[in-house]
Each structure stands twice: as C-alpha cells, then as structure tokens.
Protein chains: 2
Amino acid sequence: MDSAVARERALDAAEELFYGRGVQSVGMDDVRGTSGVSLKRLYQLFPAKEQLVEAYLERRDARWRGQLAEYVERHEEPEERILAVFDWLGEWFGEPDFRGCAWLNAYGELGATSARVAGQVRAHKRAFRDYLASLVDAAGLPDALAGQLFLLAEGAMVTAGVTRSAEPAAEAREAARLLLRTT
Amino acid sequence: MDSAVARERALDAAEELFYGRGVQSVGMDDVRGTSGVSLKRLYQLFPAKEQLVEAYLERRDARWRGQLAEYVERHEEPEERILAVFDWLGEWFGEPDFRGCAWLNAYGELGATSARVAGQVRAHKRAFRDYLASLVDAAGLPDALAGQLFLLAEGAMVTAGVTRSAEPAAEAREAARLLLRTT
DNA sequence: TTGACGAGAGAACGAGCGTTCTCCTACCGT
DNA sequence: ACGGTAGGAGAACGCTCGTTCTCTCGTCAA
C-alpha cells in the first residue's frame, strides 16, 4: 500500500473515531483496526498520537471551510450569502453522525494539555470569523456585525452539539436576519 | 475532621482542579493533595471519581445560577435585567481564573463517555435557557427571543473560553440590545 | 491501662494505552 | 534459488491512574 494511501486511510479512521467518540477514548489500536494500517506504519506516518490529532483537525478544517464557502457561493445576494451560512449549519447539524463542533470538542478535551491543539482551534475559529467578516464587508454592513454573527453561529454549534438537535441553526438564522435588518 | 467539612474541602479542591486543568488530567491523588482529605475518606464520600465530578458540577450549577440571578435582580427594568445577564457574563469572563464554561468543558471531555455528566450538562443549559425565557416573558417580549439570547450567551461563553478574552460579552450584549429593539 | 475502632499515609494492584520490539512472511533483484 | 529488506501481526514494555489494601498510630470507653 502506497504511503499516501495509508495516510489517507489513517486520517479517515482517525476522523471517524476521534470525532465520533472523542480523542481520549480512542486508542491507536482502534485507529489501526478501523484503518487497516499497521501500528508500525501509523508511527512512521505520525510519530505520536498528538500529531495524528493535529493532522485530523487540519484536514477537517480545510474541508469544513471549503464546503461552507462552496455552499455560500451558490447564492448571489450578499445578504443571502450571510444567511446561507446558517442554512449550511442547519444541514450539518442534521447529519446523522453530527456530534458538535470538532474543534470545540477537541478544545474541551485537550485544550488544557496540548498547546498545539489549542492553537489550531483558535486558528480555525479565527478563520471562520474572518470569513464571516468578509461576507459582512461584501454586503456593505458594519464590521461589528461580524462578531455578533460569529457568536450566534458558535452558540448554535455548541447547542446543537449538546442537545443533538438542528433547531439552533434556524433560531440563529432568524436572529441574524433581524440583526441584518437593524442596520 | 467532620464528614461535612471533608466533603466541602474535597469539593473545593475538585472544583479548583477540574475547572482549572480539566477532569482527565487531574488524578484522585491531586484532589487528595490539594484538599488534604485522605484517599480513604475521599472514596467514602464519593465511591468513584465520576461521582465527584457530578457533585462538583451540581454544586457549581447551584452557585452559578444563584449568582447570576442575584446580579440580575439588582436591576429593576425588565429589559435592563436581560442585558444584565451579559454584563454578568462579562465580569465572569474577566476573572483571572476564567477558563470557559465548566459544563461545556466537561461535555467536551466526558460527554461521549459518561451519560450522567452529559445529562447534567443538558440540565444546566436547559435551566439557563429557561431562566432567560422567564426574563423575556417578564418583559412582555416574544418567546422566540429567549432562544436567540441563549445562543448569543452560549457563543460568548465558548468564544471567551477559547480566546481568553472578555470581549465576547460586550459583543453579545450589543447584539441582544439590537434584538430587543426590533420587537 | 487496655483493647477496639477509625483514620491517615502510602504502597500495591490492575487496567488501559502510547510506544517499541520481535518474529515471521512475502517479495525483490541477481 | 537465495539473501536481504520491508511490512504486518501482535506481544511486550513502561507509565499513568483509579481503586483497594496494609500497616501504623491516635483516641476513647470501660
């Protein structure tokens, strides 16, 4: 098996397991079992578990933001684009294996012990916030709105994760719509 | 040492350590060292670590909601009371040992493995949401607003925790103020 | 004074798991 | 065919930590 293929399979398994059951309750042996990549190979690709976690978050970050942007760009109107963010969140929340925001979960588990993971979480959130700011800016709306929309989105993610419900997305969307109207 | 005293000391130590460093990275031995309560006594009071965690969350829940209500009730106007929630959050975020929402942190760490902890987190969040709903109702505002304010508060807590900043409280307060005005 | 009981200190036990090592097999070039 | 190498399976190692056990000491009632 090619190294690149083994790496992808390892990351696929890591993502499924870490996201689904949490990082700490998944052992490297579980990753081997799910991926079919031997321990020796796993440790060649990722010298320690923490680096596998980092790679998992990094790859997921790229995909998550990419899919969000792709969804948003299907809309023309600048204000529609902003609301589309919350529609996309709602679709995500409704997926059967949705288990909350992967970065917030990782932060809760590892933020206190792994500075690198904590940094990745902050970077991901900053990137998401910056993306919202760019949408707000493109709509000619005041900068301060971006922070408010960000808080709504974060609140929706965390609440959807804890309650296992997609409803927070609709609530956040409605709040966002009202905030857009006040300016 | 009286059993009740030992219990309080154990819970004080547990709260300081669990909240400050996370549950998983604190051992029962650390709790003994900080509290001065022997392991034997600890296990008499709390037959397993999970029950110490539950007791920690339960006691903190009572205090957290009590202090919030106390702060809010210092204000007369119904709408001022709603905004006071966010002022209180801002004061909390600014405390030097603030490390995010204890329940969301616990959920990230243990939500996937401990059904009882997950249930406590949901109960705490539901109680907070219900409290917001009672404030909204007392102000004669539409029920739907409660959910939106809740999302803003949750987003502020989570963002303040990750970024170690008190600013999200002010942002959420401003968003809340705008939402109050739209109705 | 003595015997019984409770409590504390800390060693001991056992499980889980990250990481490494051993052994064996299969394939490759010559 | 054969020696060498890479890779896989899984045992082994070492550490952490939740939980229990042992041993000793102090206290208190009779």
Side-chain angles (χ1 to χ4, degrees), chain A residues 1-57 105-106 108-117, chain B residues 1-57 105-106 108-118 120:
Chain A
M1 190 194 306
D2 190 333
S3 256
V5 174
R7 189 186 161 86
E8 285 307 298
R9 290 204 188 165
L11 285 172
D12 288 344
E15 181 158 7
E16 175 187 335
L17 294 170
F18 289 160
Y19 180 67
R21 293 168 22 200
V23 173
Q24 315 239 35
S25 66
V26 169
M28 292 298 276
D29 227 59
D30 297 318
V31 177
R32 166 175 70 173
T34 301
S35 67
V37 176
S38 73
L39 276 182
K40 188 185 267 183
R41 202 83 110 97
L42 276 180
Y43 277 94
Q44 280 171 0
L45 295 163
F46 309 97
K49 187 185 185 184
E50 188 179 1
Q51 314 203 22
L52 179 57
V53 174
E54 288 170 30
Y56 142 61
L57 290 176
N105 292 345
E109 262 188 290
L110 307 170
T113 53
S114 164
R116 297 179 63 87
V117 167
Chain B
M1 189 194 305
D2 190 334
S3 255
V5 174
R7 189 186 161 85
E8 284 308 296
R9 290 202 189 167
L11 284 173
D12 288 344
E15 181 158 8
E16 175 188 336
L17 295 170
F18 288 160
Y19 180 66
R21 296 172 17 205
V23 173
Q24 314 239 35
S25 66
V26 169
M28 292 298 276
D29 227 58
D30 297 319
V31 177
R32 166 175 70 173
T34 301
S35 66
V37 176
S38 73
L39 275 183
K40 185 184 267 182
R41 203 82 110 96
L42 276 180
Y43 276 93
Q44 280 170 2
L45 295 164
F46 308 96
K49 188 185 184 184
E50 187 179 2
Q51 314 201 21
L52 178 58
V53 174
E54 287 170 29
Y56 142 62
L57 290 176
N105 291 345
E109 262 188 289
L110 307 171
T113 55
S114 165
R116 297 180 62 87
V117 168
Q120 264 183 295

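Below, chains carry the letters A, B, ... as their sequence lines are ordered, and counting in each starts from 1.
One interatomic measurement links the two molecules: CD of B:Gln44 to P of C:dC5, which rounds to 16 Å at whole-angstrom precision. Note: CZ (B:Arg32) to P (C:dA9) measures 7 Å, nearest angstrom. With rounding to whole Å, B:Leu45 atom CG is found 13 Å from C:dA7 atom C1'. Between the CZ atom of B:Phe18 and the P atom of D:dC17 there is a distance of 12 Å, given to the nearest Å. The separation between A:Phe46 atom CZ and C:dG18 atom P is 15 Å, rounded to whole Å.
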Collect all protein-nucleotide pairs involving nucleotides 12-14 of chain D in which both atoms are nitrogen or oxygen and the distance is under 3.5 Å.
none

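Rounding to the nearest 0.5 Å places CZ of A:Arg9 at 10.5 Å from CG of A:Asp2. For the atom pair CZ of B:Arg32 and CG of B:Leu39, the computed distance is 4.0 Å after rounding to the nearest 0.5 Å. With values rounded to the nearest 0.5 angstrom, A:Leu17 atom CG is found 10.0 Å from A:Tyr56 atom OH. The CG atom of A:Leu57 sits 9.0 Å away from atom CZ of A:Phe18, with the distance rounded to the nearest 0.5 Å. Note that the CE atom of B:Met28 and the NZ atom of B:Lys49 stand 7.5 Å from one another [nearest 0.5 Å]. The line from CG of A:Leu110 to CD of B:Glu109 is 8.5 Å long, rounded to the nearest 0.5 Å.
Note on A:Glu54 versus A:Arg116: salt bridge recorded, some NZ/NE/NH1/NH2 to OD/OE distance being below 4.0 Å.
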With B for base contact, S for sugar-phosphate-only contact and - for none (protein heavy atoms under 4.0 Å), nucleotides 18-28 of chain D reads SBB-B------
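The nearest heavy atom of DNA chain D to A:Ser38 and to B:Asp30 marks one nucleotide each, and the one closer to the 5' end goes with A:Ser38.
The salt bridge (charged side-chain N to carboxylate O under 4.0 Å, His left out) analysis of residues 10-28 of chain B, with sequence neighbours excluded, yields the pairs B:Asp12-B:Arg59, B:Glu15-B:Arg59, B:Glu15-B:Arg60, B:Glu15-B:Arg63, B:Arg21-B:Asp30.
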